[in-house]
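Here's the structure we're looking at; comments come further down.
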Amino acid sequence: RHALAAATAGALQPSASPADDAALRAKLPAALHDALAPYQRRGVSFLLGRRGRGLLADEMGLGKTVQAIAAAAAYANEWPLLVCCPSTARWHWRDELLRWLPTLLDGDGAVRVVTTTERAGADGRWPPPEARAVVISYDLAARMAALVKAARFGVVICDESQALKSRTAQRTKALLPVLHAARRALLLSGTPALSRPAELFTQLNAIDKETYRTWTAFAMRYCDARRTQYGLDVSGASNLPELHAVLFATVALRRLKADVIGELPPKRREILLVKTPAAGGSLAGLRAALLGGGGIGGGASHVRGLLVQH
């Protein structure tokens, strides 16, 4: 585990020339381009240079969300856009999409947040035509696998993509075909492999199924795979320097805060006051409201998302 962390601690920094930045500016809304820090512009350029198929593995706090939104905006003519994320992050993604892409996502229903299992409309379509972007949790995407696949999303973002680490999980089985079929697949995770290289394969295959085609070959080379009476043991790690080199040469980019410290804005602290009218002013009332709905506007799941978000 420690060897894997050491091997994936950093990556070569992509360089950017004035010409590269001018090309990027031409592809993005001006306000979004100007709001990006220099390292974020390099990150977006990296994803576009990978033809919109890549793994952004920046350390938490470096703005993977806005970089992914910028990369997706460059391919707006290929939408609809699908964002898969943990359930608590759905409303945050909606807010960020509307914040950074107000022109592209103008109009009622332009961003659809899926909060429960949905069905196709009377016309047989899902999502409805006004929805240019759909935000859905991994669990709901698995439950609605047939609809999500049939929608043929042109651009797909998977936030916290380590959720796809298991080859046998229903969410992975549901989303891999969607990612393979999409023209652009943007995966985001500060921890794509929590403990072993085996957790990387499905994410890499989702991005580039030609380079990362065979699970057994990957496991034998990088997971120190051993055949046992119970099957293939892939809990180990092997050839990590090579894996690191191949990973960052093909699909991935990772920056630590220490790598871009000179480009970060000053640290800011805020106190946010959250009104909870249904809680009766007590902690017990707030807990009851969150667990049971309690009449809080937007529903309990929305409030939980807001609390996690802030």
Side-chain angles (χ1 to χ4, degrees), residues 4-17 19-21 23-25 27-28 32-33 35-75 81 83-85 93 96 100 155-165 179 182-194 197 199-212 218 222 240-265:
L4 177 62
T8 58
L12 294 176
Q13 297 297 301
S15 58
S17 67
D20 294 331
D21 189 58
L24 181 62
R25 178 182 290 276
K27 297 176 181 178
L28 302 181
L32 175 54
H33 173 275
L36 295 171
Y39 74 88
Q40 291 175 324
R41 294 176 192 169
R42 296 194 297 272
V44 176
S45 294
F46 169 83
L47 294 172
L48 300 188
R50 281 285 312 156
R51 301 180 302 280
R53 302 190 71 86
L55 169 62
L56 188 58
D58 286 348
E59 185 179 8
M60 183 176 67
L62 292 184
K64 293 186 289 294
T65 298
V66 71
Q67 291 177 76
I69 289 174
Y75 298 111
L81 166 68
V83 177
C84 289
C85 61
W93 269 99
E96 291 297 289
W100 294 114
V155 181
V156 180
I157 296 173
C158 284
D159 187 20
E160 302 295 347
S161 63
Q162 70 271 13
L164 303 175
K165 66 184 180 180
L179 288 159
R183 295 190 67 181
R184 321 295 171 184
L186 308 170
L187 273 57
L188 315 178
S189 177
T191 53
L194 293 172
E199 298 173 354
L200 288 170
F201 178 77
T202 47
Q203 298 172 73
L204 303 179
N205 175 265
I207 299 167
D208 186 348
K209 64 179 180 179
E210 295 303 319
T211 300
Y212 300 95
F218 182 90
Y222 301 118
L240 290 184
E242 177 185 304
L243 175 59
H244 175 265
V246 171
L247 181 64
F248 291 107
T250 55
V251 299
L253 174 66
R254 177 169 174 79
R255 281 82 57 86
L256 306 178
K257 290 176 183 175
D259 299 327
V260 296
I261 191 67
E263 301 176 43
L264 295 176

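Everything numeric here is computed off the predicted structure, so don't read it as measured data.
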Non-hydrogen atoms of [X] and [Y] that approach each other most closely:
X: Ala185; Y: Leu179; result: CB-CD2, 3.9 Å
X: Leu62; Y: Gln67; result: O-NE2, 3.5 Å
X: Trp100; Y: Ala35; result: CZ3-CB, 3.4 Å
X: Gln203; Y: Pro192; result: NE2-O, 2.8 Å
X: Leu28; Y: Ala73; result: CD2-CB, 4.4 Å
X: Leu240; Y: Pro197; result: CD2-CG, 3.8 Å

Checklist entry - Counting only N and O atoms by type, is there a donor-acceptor contact under 3.5 Å from the side chain of Arg51 to the main-chain atoms of Arg184? => result no
Next on the checklist: Closer than 3.5 angstrom, by distance alone: can the side chain of Thr191 be matched with the main-chain N or O of Ala193 as a donor-acceptor pair?
Outcome noted: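 The answer is no, because no donor-acceptor pair under 3.5 Å joins these two groups.
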Flag the pair [X] / [Y] as yes when at least one side-chain heavy-atom distance between them is below 4.5 Å, and no otherwise.
X: Leu187; Y: Val251; result: no
X: Tyr75; Y: Leu81; result: no
X: Leu55; Y: Arg254; result: no
X: Arg42; Y: Leu253; result: no
X: Asp58; Y: Val260; result: no
X: Tyr222; Y: Val246; result: yes

Roughly how far, to the nearest 0.5 Å, is [atom2] of [Y] from [atom1] of [X]?
X: Leu243; Y: Phe218; atom1: CG; atom2: CZ; value: 5.0 Å
X: Gln162; Y: Leu164; atom1: CD; atom2: CG; value: 9.0 Å
X: Ile69; Y: Lys64; atom1: CD1; atom2: NZ; value: 13.0 Å
X: Arg25; Y: Arg41; atom1: CZ; atom2: CZ; value: 6.5 Å
X: Ser161; Y: Leu200; atom1: OG; atom2: CG; value: 9.0 Å

Next on the checklist: side chain to side chain contact (heavy atoms under 4.5 Å, CB included), that's the test. Do Thr202 and Asn205 meet it? Break it down for me.
Outcome noted: CA-CA 5 Å; Thr202 47; Asn205 175 265; 5.5 Å; no
Checklist entry - Passes side chain to side chain contact (heavy atoms under 4.5 Å, CB included), Arg50 versus Asp208? Steps please. => result CA-CA 10 Å; Arg50 281 285 312 156; Asp208 186 348; 3.9 Å; yes
Checklist entry - Any salt bridge between Arg255 and Glu263, counting N to O under 4.0 Å? => result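 Salt bridge absent between Arg255 and Glu263.
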Next on the checklist: For a side chain to side chain contact (heavy atoms under 4.5 Å, CB included) check, start with the C-alpha distance between Thr250 and Tyr212, then their side-chain angles and the critical distance, and finish with the verdict.
Outcome noted: CA-CA 10 Å; Thr250 55; Tyr212 300 95; 2.7 Å; yes
Item to check | Verdict with reasoning, Leu56 to Leu186, per side chain to side chain contact (heavy atoms under 4.5 Å, CB included) | outcome: CA-CA 8 Å; Leu56 188 58; Leu186 308 170; over 6 Å; no
